[in-house]
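By convention in this document, chain letters (A, B, ...) are assigned in the order of the sequence lines, proteins followed by strands, and residues within each chain are numbered from 1.
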Amino acid sequence: MYRLSRLRYIFPIGLFVAFFLDGSVSKVFSGWLFSYPYSMVSHLVILWLVLAYFFEEDTKIPLVPFAAVTGLIFDLYYSGIIGLFMFLFPLIIALTKALAKYFTPTFLTVIMIFFIDITCLELINYFAYTIIGVVNSSFGDFLIYVLAPTLALNLVYLVVLYLPIRSIFVRAMQQKNS
Amino acid sequence: MQKFFSNRRLVIIVVSLVVCFGLMAGSVAVRNKRATPPIIQQFGNDVVGFAGAVIAYPVNAVQGGFDSISELMNAYQENQLLKKQVSDLAQVKVRDQTLAKENQQLKKELKLNNSLTDYTTVTASVLTRTPSSWQNQLVINKGQAAGISKNMPVMSGAGLIGRVSEVNKTNSKVELLSDSNEASNRFAIQISNKQGKTVNGIITGYQKATGQLIMGQVTSKVKITKGSKVITSGMGGVTPKGLYVGKVARVTKDDYGLAKKIYIKPATNFNNINIVTVAELDS
């Protein structure tokens, strides 16, 4: 169904915009996002992918391949260390799918699942970068100064962008039916 | 749970874990050793860089707009201050020109071609920043095509901000001095005191809490006072001599009380960088 719907255009465009906005937001607001000791990481890509899963209804968007490709580009362009996000993004999609089975998707459960997604993402990111030696900060510092602010920022994103993104998806589906 | 860890899935998970860490370790090794990343990675980065400009330029333009409004607010006071400095600056500039000319002539007499203070600069604008709490990295819009190569020092505003960590054809990545990667801020620097005596050393760390650079293991007896200017020393041969780093903020003993530890306040705020200058040593 994905090939026939208008989401075929809208979903990749949204992914593209979210991907580059992550970097631009980090650059423009770096004074606020990375002010010592807190650092907040913007995860608009994850937000778009997770919300796409909840709003796609019967349009089966191939989310896992999209997530893998986006992750690869993320590794290449932003971090320069290949191999983490290209596996992590699809993993987050799989996690969302696994969790969503047990809940009816309401606003609150979406928030909760997104919360778990971001936590897993940041945790795995921290551990992986610790193993390869990019990070040398303690786990406690990570929890307080990175994970908590990041969760706060991304929950704000979710609350603000939930309705606009839903209306984008709803509109795209309507035009498909008519 | 039984179903989740079925045989096939377990194999896939293990294989992708291995591939994941293999790739990460490989790319870190490549990054540390080779001057440029593999050609495919370069090409990918160039394409993504072009596509990213579609988003980056409008956002940067909006930021520029807001910045100029806030600058307009305090333009009057700044203007008065700057007017006083301009008259001084004119004199300094003329003197600088004559000195540079004299320097050139003297070098010719001595048959010295290029010394460590001869460098050319490439100006680039910042496209984006890595959205990560671990890597303080900027992506700039000039690359190999503009003559940039790995490990070149990068300046912005008044002083040094970092070094080029990865070069592609049309864009490159800059690691800021505040990055947690330990190799990112090892610059050879020197401090001169009022008597004209200099202390050489390297930047050994970055203190996040105060945003100050640390020059450790200084055993020299030369007395360094607060406010002394810190510049790059040019030792090592990659960084030109005389790039401004910052001012000495305080001088303490290190943990064992044997050597001095000098804290340096960087000249530039690392969190508000739009235009950078990459310095290239003439050779």
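Of the atoms belonging to A:Val146, it is side-chain heavy atoms, and not backbone ones, that fall under 4.5 Å from chain B. For a residue to count as touching a neighbouring chain, one of its non-hydrogen atoms must lie under 4.5 Å from one of that chain's; by this rule A:Ser137 touches chain B with the side chain only. Only the side chain of A:Phe74 comes within contact range of chain B, with heavy atoms under 4.5 Å apart. Residue A:Ser42 touches chain B through its backbone alone, counting heavy-atom pairs closer than 4.5 Å. Heavy atoms closer than 4.5 Å to chain B are found in both the backbone and the side chain of A:Tyr77. Of the atoms belonging to A:Met40, not a single heavy atom falls under 4.5 Å from chain B. A:Leu21 touches chain B through backbone and side chain together, each having a heavy atom under 4.5 Å away. For A:Tyr145, no part lies near chain B; criterion is any non-hydrogen pair under 4.5 Å. Of the atoms belonging to B:Gln41, heavy atoms from both backbone and side chain fall under 4.5 Å from chain A.
The shortest distance between side-chain heavy atoms of A:Lys27 and B:Leu127 does not fall below 4.5 Å. No side-chain heavy atom of A:Phe87 sits under 4.5 Å from any side-chain heavy atom of B:Leu17.
With rounding to the nearest 0.5 Å, the separation of CD in B:Gln137 from CD1 in A:Ile81 is 7.5 Å.
Taking A:Leu91, A:Ile132, A:Leu88, A:Leu84 one by one and counting their heavy-atom pairs under 4.5 Å with chain B, the maximum is reached by A:Leu84.
Remark: B:Arg129 is positioned above the aromatic ring of A:Phe34, its terminal NZ or CZ atom under 6.0 angstrom from the ring centre and at most 45 degrees off the axis.
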